[in-house]
Structures are given as structure tokens and as C-alpha cells.
There are 2 protein chains.
Amino acid sequence: MGRPTVTDIAREAGVSLATVDRVLNARPGVRAKTIAAVTEAVARLGYVRDMAAANLARGRTTRVAILLPDTESQFVQTLQDALEEAAALATSARMRVDLHRYPASDMHALAALLADLAAGGISGVALMAPETPVLRDALRALQAAGVPVVAMVSDLPNSAPAHFVGIDSHAAGRTAAMLMGRFLGAKTPRVMVIAQSMLLRDSIERRRGFDAVMLRDFPGIEVGQTLETHGAPETLRQVMRLSLESSGPVGGIYLLGSGHRALAQVLSELGLLGRVVTIGHELTPHTTAALRAGWMDAVIAQNVGHIARSTLRVLQAKADQQPINESQERLRLEIILRENLPPSP
Amino acid sequence: MGRPTVTDIAREAGVSLATVDRVLNARPGVRAKTIAAVTEAVARLGYVRDMAAANLARGRTTRVAILLPDTESQFVQTLQDALEEAAALATSARMRVDLHRYPASDMHALAALLADLAAGGISGVALMAPETPVLRDALRALQAAGVPVVAMVSDLPNSAPAHFVGIDSHAAGRTAAMLMGRFLGAKTPRVMVIAQSMLLRDSIERRRGFDAVMLRDFPGIEVGQTLETHGAPETLRQVMRLSLESSGPVGGIYLLGSGHRALAQVLSELGLLGRVVTIGHELTPHTTAALRAGWMDAVIAQNVGHIARSTLRVLQAKADQQPINESQERLRLEIILRENLPPSP
DNA sequence: TCACTTTTGAGGTACGCACATCATTGCTGC
DNA sequence: GCAGCAATGATGTGCGTACCTCAAAAGTGA
């Protein structure tokens, strides 16, 4: 005897197949008493609906949309690649994934895109975006229309997403601090913190976590203010020179966001490349090269492959109104050094 | 128009459904020319077999066996828990998993168990075991009978397993060395290496990787010979005292295998707990507690949840004669510090 | 008790595929 | 040109479920 089927449930509950179907799919026209009988039979036999067969019978192909900013970021590009690979595989499981890039600076365009999607009859949306009021309203409307929303990488707590796929940014910052503190050793106990901008929630949280551990475990190390570069290499050069002049030399650099290539350039000009402990975030071709070259000491990352697969699994589960396997979907915060770099494919 | 189906392939290739079926399922009695025509139609239409429907039609439930040693090891226990959880979920995907523990000291018993399984008509076997000649022969026989074998945690290169699920132990050792070297800082540049035994392949490889990086990047640090404890706390106490007396104090301890609790005890007796950099392997309740308490500085681990799910996915793929998604099955080597400990459930 | 509504039963079709059977076609050598 | 065999076609059944229709039974109120 294999797994129980609807037929077994019908026999066990003493009702017809049609009634079992009505109960399982929450169709109207069944007495409470009958519902209870079927539910009990389900529990007794340990019946689990065969979702594959169910979706086959429904004939529906789950259609989901994924929205990424059109930033020229290596990380976003890496994530997109991972999503495309995962989407190709998901095709064999009756799922169609539409990937869109939205203008990062125009939240109204994003909101309009979301409205279009809602009208187009989609069964789920996942997105990576900073939480603005416009977006929040758009997402709430989407969810009110019954479309589940999944936040990727950066959480959207005020939009009440159905799920968040990403790591704890505060823990990421704490981990960076722990490594920085221990790697610094006898080097100048001063750390420079650099960010493109502090608008994104994850940057802010990383910084908070970094400070918390620095203050608690390494009180002897001085941590500077966040230097914002707004993505411009020239600004980076200026703020770094200014900071070094006014506060003196540093033993470590913590890069909150992207901009690794520009940093390498400036460090090289200053004769600091490989002489200061450098810690950053996210595994991209640039950071991989930097680790391999030896001038970056550690990268705190989240596995984009996992993010992609987890996102699709969660969207599928939501579409099927199935529960989520928390332990599988919990992303690990990864520490990457030169020695545990993943083998290049 | 949704996804193409076998019917579309038949029309496109100008053949019948039966022939498409013969080609897709590699059944005999089709001319090479016809096979080519069908294959081309598949490529042209971008046909992807609906595995859900296929498995439904096959009506077969994949039965696999998983064999773990009956060692009283926290890691093995953790792995078993993960496998049981994954197995419970796999049930809804038409897969039955039988978990066995074999006597760790009796390879003949393991071989006999494997022979039984082969006779019982099983579609796959996964196991964690040291590679002995007896086992190697048993595994070869099993594979000759068409049963795919998956090695878990510790590879079995001479038994030519269909797949290995686990991390690169050499890289694990290299990573441990990197952290040890950098964490030591101004501490006594001498490291003690402790193992239960050096019989297992992964212990040996870790040690090799550790030495390689120590030699290359930290030539000033002296690394002692491997002290074997054979799992006995009393032996651990003796060899540690002996080593400290003969070679002098150490600044770090590298624990190759298990035995974290006994180590804590002895370190405490010696007044060294928390005063030497301690690095070990695998995330278990003991090591988690040690990291939290602060006397262990880092743990190099592999995610048992991933091992479990990956093992089942690979076995399923082998049973379905489907290709394996390498990028999903590649396990990451994890570095765990206190700050990035996974939140307790 | 009768007309009425609500609840339940019986049965069919479909989803995309695997697998089986039997009939038919094409090709080979003689 | 015919036996003999390989290649192909035609057709049916079933996997577990969804969804539909129509008929029958049970329950309701007056």
C-alpha cells in the first residue's frame, strides 16, 4: 500500500468522492458535520495531497514576476544570473518566471509595473527594492488583490510581505566586525567605513551590527564615520584622502556596499593595497578576484543560488497555498576567505 | 499556447506519439534518422518533460536506503535528524527513505546489509563510511547490479560512487589554518593538533590542508604532530600534558574531529579555556555552545540540512535517470563564528 | 404531507505522460 | 514477389487530482 489517495479518504469517511473533493477544495454546500468527518479521515490516514497531480489536473502554470533594480551592480547581475538559472529549471515544474529590471531611481515606475502585473493575472511577485511609501502602497494593493509578495535581499517590513528571502544584515555587520577586530592584530587600531549610500536598509543595519560588536569586543579600535561615495570613484578618492589627512592612517577598511573595483584603484594609489585589512560584502567576480589577489581579507555573503531557488520555492508554495519549510528556506550568512572560495565553474 | 507536450513533438517531427515515446524513453527499435528528427523537434520547440506528470504516470515510488555509522557522535546524530526531516518531506514526492545505523567497527556487517538491500530491490543507496576493501567490493557489486551509490561527508574515490555529497576536506583544513594564523596574532606561535584517530579520509585531508597553508602563509608558527586520543578523554588529558611539557605552551588548538566536550574539560583543568585560540569542525550542540560561551573561536562546518536534501535529490535524479544540477548540489564550506551562529529554532 | 431547498452521490472528462498491445508499413534478401 | 523482420502507427489504460453536470437523497418549512 502506497500513500492514501482521495479514494481512500472517501471510503474511510463513508462519503463519496465528490464530497471529499468539495471538502478538500473548500467548495460550498457541505454540512459542518460532513466536513468534520472528512477532515478526521484525512488526519487518521495521514493523507497528503499530491501537489504534482493536483497542479497537473488544474492545468495551471504558476506565473510569477521578479523585479530587480537596473543598477549596474555586480551583485544584482549575479543574482539575476542565478534567478535565470533557477527559472530554467522551474520550467519543468510548471512555473513561468518573468524577470524585469525597473529604473532604480523611479519608484513610481516600479509601482506602475506592479499595477500592470496585478491586472495581468499573476500568482506571485518577488522583488528587491528599498522601501518607499509609494512602493509600500503598491505592494499593499497587490497583496489585497491576493497576490503574495516576497522580499529579496532587503526586507520590506512595513509592506508586510508574505516572506523575506535574505540574511540578517545586523548579523552580517556583527560578523564583519568580529573578523575585522581579530584580523587587525597589531595593525593601526583605526577602521574606515565606506558606503555608496546609506539609503538602503541593509547598509544601515550592517553598520549598526558592526558598531555593536566593535564597541563590545574591541573597544580599543577606533571606527570612523561612514564615508558616502554615491557610487562615484572620484568622490571615493576625495573622501578617503580627506579622512586620512584629518584622522590619520587606518589599519582596516570596511566596505558596506559595492564599489570594490574603485576601492582597489584608490588603495593602490595610496600604496595601501594589501597593507590594510579589507572586509566587504557579497560574492561577485570583483570580490572573488580581490580575495584571490589577496588584498581583500574576507567577504560576508549570501548565496545567490539559494536566494534564487528559495524565492521560487516560496512563490510556488504560496501559489499552492502550501506551508513553507522554514528550515530549508533559512539562508545562511557566509564568510568567504581566500581558502574557501567556491571553485570556479 | 502553454508549454509544448509530447503531442506537439509528434506533430512537429512528423511521427506518431508512440515513436516520440520510444525516443524520449530510449526504448529500442527506432532508426537513428527518426531519433534525430524527434530530437531536433524537441530542441526546436524547447520541449521540457513534465517530470511531475511523468512520475505520476510511472506510478513508482522511489525507495532508497541511507546508512550511517552507529558512532555516538553528535555530528552523526545531527545528520540523522536532518535526514529524517528531509525524508519526511520527500514522502510527498513519492519517495521512501529507510535509515539504518550500522556497527561502525564491523565493515562485514555493513557489506552484508548492502547485499540484503541489493536483493530487496532498492533504487539507490547513500552512506557515510570509511573506505575499506570489504566495503569497496560490496559497493562495486551494488553498482554492478544497477543501484547508484552516493557517498556522504567522506568520499569513497576507489568505489566510484555515482556522486559525493560533502565538502572539500582539504579546503576545510586550509580555511582552519588561515583563521588560526590570523587569530593567533601576538599569542604564542605554536599550535597543537588533536584528532580522535587518523583513519578517516577527511581527517587526513584536513590535516594536509592545514599544514599547507600554515607552511605557506605563516611560517613563523610551529605546528605540532597530530595527537591521537582514540575517543578517550583520559588519553586526551595525558597526551596534552605530555605535549605541553615537552614542547612548551601553545597559543592555539586545532581539533580535527569530534571530542569538543572532553577538550573543554581538559582545557579548563589546565587553565587554558578561553586563553588559546581554538578551532574545530562541524556544527553540533556542543560546538554551538562552545562558540556561544566564547572558548571556541571558529568552527568549519558543512550544512547538514543541505547534505540531507542534496543526498535525496541526487538519489531521486539517479532513479529518474535525470542529470544532476551541479550548482545546486555543490556544498559550501561554512565558517561559523559566534556572530553568525544560526538562530536556534 | 407536499413543495422546496440543501446536501450528497455518481459519473465523466481532462491534465501530460508511461507503458502495453496489436496492426500496419517499409525494407531486406532471395 | 514473397517471406521475414525491423520500424512505426494506432489505440487504450492508468497515475492522482480538479472540476463539471445531473440525479438522487435528505432535510426544511408550512
Side-chain angles (χ1 to χ4, degrees), chain A residues 1-39 41-42 45-62 90-96 123 319-322, chain B residues 1-39 41-42 45-62 91-95 123 319-322:
Chain A
M1 257 302 293
R3 302 167 47 191
T5 71
V6 276
T7 314
D8 300 319
I9 301 298
R11 194 181 339 99
E12 182 78 10
V15 298
S16 73
L17 266 177
T19 301
V20 172
D21 176 71
R22 288 179 184 113
V23 174
L24 288 183
N25 295 291
R27 288 184 234 283
V30 188
R31 270 184 307 177
K33 209 177 135 190
T34 314
I35 294 181
V38 173
T39 312
V42 166
L45 296 186
Y47 168 81
V48 192
R49 190 198 303 239
D50 183 333
M51 286 312 297
N55 282 332
L56 176 60
R58 286 200 185 94
R60 86 157 76 115
T61 305
T62 313
T91 305
S92 76
R94 328 185 57 74
M95 174 173 233
R96 219 189 86 191
S123 47
D320 292 348
Q321 316 228 44
Q322 286 275 102
Chain B
M1 255 300 294
R3 302 167 46 192
T5 72
V6 275
T7 313
D8 301 318
I9 301 298
R11 191 180 342 97
E12 182 78 10
V15 298
S16 74
L17 267 178
T19 299
V20 172
D21 177 70
R22 288 183 184 108
V23 174
L24 287 184
N25 294 289
R27 288 184 234 281
V30 188
R31 271 185 307 178
K33 206 177 138 192
T34 314
I35 294 182
V38 173
T39 312
V42 166
L45 297 186
Y47 169 80
V48 192
R49 190 198 303 239
D50 184 333
M51 284 311 296
N55 283 330
L56 178 59
R58 285 200 184 95
R60 79 158 80 111
T61 305
T62 315
T91 304
S92 73
R94 333 186 60 76
M95 174 174 233
S123 46
D320 292 350
Q321 315 229 44
Q322 285 276 104

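The chains referred to below are lettered A, B, ... by the order of the sequence lines, with proteins before strands, and numbering in each begins at 1.
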Any side-chain heavy atom of A:Arg49 sitting closer than 4.5 Å to one from A:Asn25? yes

On the nucleotide C:dT8, are OP1 or OP2 found under 4.0 Å from the side-chain N or O atoms that A:Arg31 carries? yes

From C:dG9, C:dT8, C:dG16, nucleotide with atom closest to A:Val30 side chain: C:dT8

Could you check how far CZ of B:Arg3 sits from C1' of C:dG16, rounded to whole Å? 9 Å

Side-chain touch A:Asn55/A:Asp320, heavy atoms, less than 4.5 angstrom: yes

B:Met51 CE to C:dA18 C1', in whole Å, measures 11 Å

Find the distance A:Leu56:CG to C:dC17:P and express it as a whole number of Å. 9 Å

Return no unless some side-chain N or O of A:Thr19 is found under 4.0 Å from OP1 or OP2 of C:dG9. yes

Counting the atoms with a prime plus P, OP1 and OP2 as sugar-phosphate, which does A:Asn55 contact under 4.0 Å by heavy atoms, base, sugar-phosphate, or nothing? nothing

Closest approach to the side chain of B:Thr34, judged atom by atom: which nucleotide of D:dA18, C:dG9, D:dT8 is it? D:dT8

CG of A:Asp50 versus C1' of C:dC15: gap in Å, rounded? 13 Å

Just how far, in rounded Å, is C1' of C:dT7 from CZ of A:Arg22? 8 Å

Closest-nucleotide ordering on DNA chain D, the 5'-leading residue of A:Ala18 and A:Val6: A:Val6

So, do A:Arg22 and A:Ile35 sit near enough that their side-chain heavy atoms are less than 4.5 Å apart? no

What is the nucleic acid contact for A:Ala54, judged by heavy atoms within less than 4.0 Å: base, sugar-phosphate only, or nothing? sugar-phosphate

In terms of side-chain heavy atoms of A:Arg58, which of D:dA18, D:dG9, C:dG9 is nearest? D:dA18

Separation of D:dA6 C1' from B:Lys33 NZ (nearest whole Å): 15 Å

Counting the atoms with a prime plus P, OP1 and OP2 as sugar-phosphate, which does B:Asp21 contact under 4.0 Å by heavy atoms, base, sugar-phosphate, or nothing? base

note: A:Leu17, atom CG; C:dG11, atom P; distance rounded to Å ~ 11 Å

Measure from the side chain of A:Thr5, starting at C-beta and using heavy atoms only, and say which of D:dA18, C:dA18, D:dG16 lies closest. D:dG16

With nearest nucleotide decided by heavy atoms, which residue, A:Asn25 or B:Gly29, maps closer to the 5′ end of DNA chain D? B:Gly29

For the CE atom of A:Met95 and the OG1 atom of A:Thr61, what is their distance to the nearest 0.5 Å? 10.5 Å

What one should report as the nearest heavy-atom pair of A:Leu45 and A:Ile9 is CD1-CD1, 3.9 Å

Atom CD1 of A:Ile35 to atom C1' of C:dT7: distance rounded to whole Å? 11 Å

C:dC19, OP1 or OP2 - any side-chain N/O from B:Arg27 closer than 4.0 Å? yes

